[in-house]
Amino acid sequence: MEYTIAFSYLIASLLFIYGLRCLTHPETARRGMHAAELGMLLAIVGTLLHHEIVSYEYIIAGFIIGGAIGALMSHWVPMTALPQRTALSHAFGALAASLVGIAEYYTHHGHLGGFKITAISLEVLLGSLTTTGSLIAAAKLQGMLPGAPMTFKGQNLFNLTLIVVTVGLFGYLIFNPATGWAFYLMMALAFVFGVMLVLPIGSADMPVVMALLNSYAGLAAAATGFAISNNVLIIAGTLDGFSGFILSIVMCKAMNRSITNVLFGAFGSPAADAGGSAEGEMREVILDDVATQMAYARQVVFVPGYGMATAQAQHVVRELCDSLEERGVTVKFAIHPVAGRMPGHMNVLLAEANVPYSQLYELEQINSDFPNTDVSVVIGANDVVNPDARDNPGSPIAGMPILEVDRSKTVIVLKRGKGKGFSGIENPLFFKPNTGMLYGDAKESLAKLVHAVKEA
Ligand code: NAP
């Protein structure tokens, strides 16, 4: 039986690695997810064969209740609420890791060797702070807590003291494992630290924080693996931990922010020079004129953003794309790495609408093509096309790489009104002479454009 378990863990680990590899490209991502799902199934089956399992009743009950909640959530939670749903999953995953650690400690009354107590303490520390941190992140993203950074005087000092005491207790436990009060105090402080860590971070940065919390949850799982001598947990937790960490760095780079600035910078507070060169009038355009411009263009580039996700306009944009192509127009999609509210948000939506991957262009590929573009259609994007990031060093988003739509011949912006982007700052693009504003819900405007392009 031991060989069967070890073999299932080995295959599961290989499938996880293969799955991650496939996730590096949208074309193979689906296959990667299926491989990882199969890997997880094998890991669960292998674990259920373990001789240490004494009762299957609780496991079956947990499986049914948890599975039902998961299935219902996946049906009910809208695509736009995925970030907060993911945050909740992290919270529960981390709580599970924490509880395993607490149970191990409690069962052995702290009589553990140096290696085991280190693994268990690390698991409980990371698991506990990830639980409360993820719950606060979910509440902020859902609007149950203010999205703006919640700060107070001396907060960084308070947090620093908290972490020094918590890490101090962790160190103390390694040499005095049977000191119960130190273990439970460390756990309680880690719960508090999770709250304090996320409260001062604005919801614009929440996806980065979640990638980081995901990484902590992974490392907590890896520590659990060491604590209960489970190889697949060590491998899966390490993969999760480091891929989460790499993801948070990639996202920070795409926003030109450092990880310390995200964690301690209180981004989201209004800045002095947030408006840049946003002066003058926004020019409203008529839908039929836009349709004619697009129908007779050589090249049209669609630039989707968060507004396309909220409007669920991905299918209708595909229809418009087809109509234009039938007329011989070259159509491309420009994808910014942090457009929307989670990594790959636009790719997921456009894939759902069967937009071919060959039509999706990344920032580095498309920027030099904007001067050759007759019409750039911005669909509910704002921050990712804000020229202030490039032109105004005083802007809070200065240095963030943008899609340079302002360099195309004409820009049409589809948005409902004068609402700001997630960073809360004004966008000078909307005031440029070559920009026209087409107000209205993106899905409705696009549906009318499909009709008008056919008539043009
Ligand atoms: P954005 O800057 O948040 O702007 C979205 C725009 O969509 C708003 O200005 C809004 O204007 C418009 N809109 C909303 N609902 C709409 C609807 N139904 N129809 C038409 N327009 C609608 O979006 P973005 O350009 O995609 O930028 C993403 C932001 O999130 C960046 O600041 C980025 O740094 C941040 N972020 C993203 C990630 C990630 O992983 N993707 C991670 C961290 C941070 P109206 O209200 O006027 O309609």
Side-chain angles (χ1 to χ4, degrees), residues 78-80 82-84 86-87 137 140-141 147 201-214 244 247-257 259 261-263 265 267-268 271 274 278 282 284 302-314 316-317 333-350 363 376-389 395-403 405 412-430 437-449:
M79 189 68 138
T80 44
L82 263 192
Q84 43 271 51
T86 311
K140 279 194 168 228
L141 288 166
I201 301 173
S203 25
D205 280 336
M206 223 33 84
V208 182
V209 175
M210 272 167 50
L212 209 59
L213 290 171
N214 176 21
L247 179 61
S248 49
I249 294 189
V250 169
M251 285 161 80
C252 280
K253 266 202 182 142
M255 294 191 290
N256 195 37
R257 316 261 322 275
I259 201 97
N261 184 257
V262 167
L263 292 179
F267 183 69
M282 295 191 199
E284 190 171 349
F302 289 110
V303 183
Y306 178 64
M308 184 185 82
T310 50
Q312 286 292 293
Q314 63 274 24
V316 64
V317 80
F333 287 81
I335 311 295
H336 192 285
V338 294
R341 291 291 180 269
M342 60 179 179
H345 205 166
M346 298 300 118
N347 299 71
V348 172
L349 293 175
L350 294 173
L363 191 130
S376 285
V377 185
V378 176
I379 310 169
N382 192 336
D383 293 344
V384 299
V385 290
N386 190 334
D388 251 7
S395 167
I397 59 165
M400 167 173 141
I402 52 152
L403 288 164
V405 287
I412 302 297
V413 179
L414 271 56
K415 68 203 293 283
R416 295 163 307 176
K418 298 196 164 74
K420 301 215 167 67
F422 213 68
S423 64
I425 59 175
E426 198 50 89
N427 189 340
L429 172 75
F430 306 153
M437 308 296 291
L438 187 58
Y439 293 119
D441 176 76
K443 191 174 175 181
E444 286 168 21
S445 300
L446 285 165
K448 287 183 198 153
L449 278 173

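Both ligands and their constituent atoms are indexed starting at 1 by order of listing. What's counted below: heavy atoms across the whole structure, side chains too, no hydrogens, waters or symmetry copies.
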If every non-hydrogen atom of [X] is compared with every non-hydrogen atom of [Y], which pair is closest and at what distance?
X      : Y      : value
Met206 : Ile201 : CE-O, 3.3 Å
Asn382 : Lys415 : ND2-CE, 4.1 Å
Met210 : Thr86  : CE-CB, 3.9 Å

Atom-level proximity to ligand 1, residues with heavy atom under 4.0 Å: Ala204, Pro207, Met251, Met255, Gly305, Tyr306, Gly307, Thr310, Ala311, Val338, Ala339, Gly340, Arg341, Met342, Pro343, Gly380, Ala381, Asn382, Asp383, Val384, Leu414, Lys415, Arg416, Gly417, Lys418, Gly419, Lys420, Gly421, Phe422, Gly440, Asp441, Ala442

Backbone of Val303 reached by a side-chain donor or acceptor of His336 within 3.5 Å: no

Asp383 side-chain N/O to Ser423 backbone N/O, donor-acceptor pair under 3.5 Å: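 Answer holds: yes.
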
Gap between atom CG of Leu363 and atom CG of Leu403 - 0.5 Å precision: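 With rounding to 0.5 Å, CG (Leu403) is 5.0 Å from CG (Leu363).
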
